[in-house]
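The structure under discussion appears below in the form of structure tokens.
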Amino acid sequence: MAVTFFKTKYKSVGALDSIQKIGKPSEKLSPIKYWFIHKILLVQEKYSKEEIKEKFIESFVHNLPKSLFIYMPLFAFILWLFQDKKKWYYFDHGIFTLHYFSFLLLGILLISVVEYLFGLLDNYLIFKIIDNLVVSVAIIYMLYYFFPAHHRFYGDSRGVTIVKGTFIFFINIFFIFVILTLFAIYTFINIH
């Protein structure tokens with residue numbers, strides 16, 4: 001039974017392969033597009049919608065720290081772009097990046113523990129409100145922490161730190177979104 005997470009005009013791997021082998025040149029796909037659709041169809045034929053969702057979430061959450069680790073050099077490079085090149089080496093930005101990402105991963109761990117502990121409690125509204133409040137405050141603090149840490153590390157004035165930090169923050173949000181999107185596609189293609 002084929003599950004359609006991604007809509008394609010191909011009903012199965014066999015249909016895709018036959019069109020690719022004996023179809024008209026206008027119907028054939030480029031090698032990259034063929035590979036991508038072939039992978040999607042294999043996953044959709046092998047698993048049900050619920051299994052795909054469960055395996056995707058499990059794999060995505062499990063490998064999220066790896067994607068953050070891959071992102072770290074880009075984060076350090078963006079910091080390097082906004083600082084005095086004579087005073088700070090790329091290596092220094094790498095140190096700050098390690099510090100900040102360690103803080104983020106510790107925050108994610110604490111949020112996971114809080115979620116687990118509140119998951120053990122009864123399903124009362126008050127527990128849900130407290131859980132959401134604690135998680136929201138933790139996420140806001142994790143985002144806010146960048147600014148005081150940046151101010152202390154680089155020694156800029158508070159105003160300069162806020163301006164630079166805001167630009168750095170939005171640039172990084174864009175790149176994190178791109179990396180996480182690519183990571184989500186990679187995770188879906190490699191469900192097994």
Handout entry: Tyr71/Phe175 aromatic ring centres below 6.0 Å
Key = no
If we only count heavy atoms from C-beta on, is the [X] to [Y] side-chain gap below 4.5 Å?
X      : Y      : result
Gln83  : Asp92  : no
Val43  : Lys46  : no
Tyr124 : Phe127 : yes
Tyr90  : Pro73  : yes
Phe82  : Ile171 : yes
Leu143 : Phe169 : yes
Ile37  : Leu16  : yes
Val135 : Phe118 : no

When every non-hydrogen atom of Phe56 is compared with those of Ala184, the smallest separation belongs to CE1-O, 3.3 Å
From the list Asp131, Leu125, Asn132, side-chain contact (heavy atoms from CB on, under 4.5 Å) partner of Ile129 resolves to Leu125
In His93, Lys87, Lys164, the residue satisfying side-chain contact (heavy atoms from CB on, under 4.5 Å) with Tyr154 is His93
Exercise. Trp35 and Leu29: side chain to side chain contact (heavy atoms under 4.5 Å, CB included), yes or no, with the steps?
Worked result: CA-CA 9 Å; Trp35 176 83; Leu29 302 173; over 6 Å; no
Exercise for the section: Before giving the answer on side chain to side chain contact (heavy atoms under 4.5 Å, CB included), spell out for His151 and Val160 the whole-Å C-alpha distance, their side-chain angles and the decisive distance to 0.1 Å. Expected result: CA-CA 9 Å; His151 170 68; Val160 170; over 6 Å; no
Which of Phe75, Phe96, Phe69, Phe146 passes ring-ring contact (aromatic ring centres under 6.0 Å, His included) with Phe101? Answer is Phe75
Rounded distance [0.5 Å steps], [atom1] in [X] versus [atom2] in [Y]:
X     : Y      : atom1 : atom2 : answer
His99 : Leu104 : NE2   : CG    : 9.5 Å
Ser48 : Lys53  : OG    : NZ    : 11.5 Å
Lys28 : Ile22  : NZ    : CD1   : 9.0 Å

Keeping the roles fixed (side chain from Asn63, backbone from Ser59), state whether a donor-acceptor pair exists under 3.5 Å.
yes
Within the distance-only criterion (no hydrogens, no angle test), does the side chain of Lys85 pair as donor or acceptor with the backbone N or O of Trp80 below 3.5 angstrom? yes
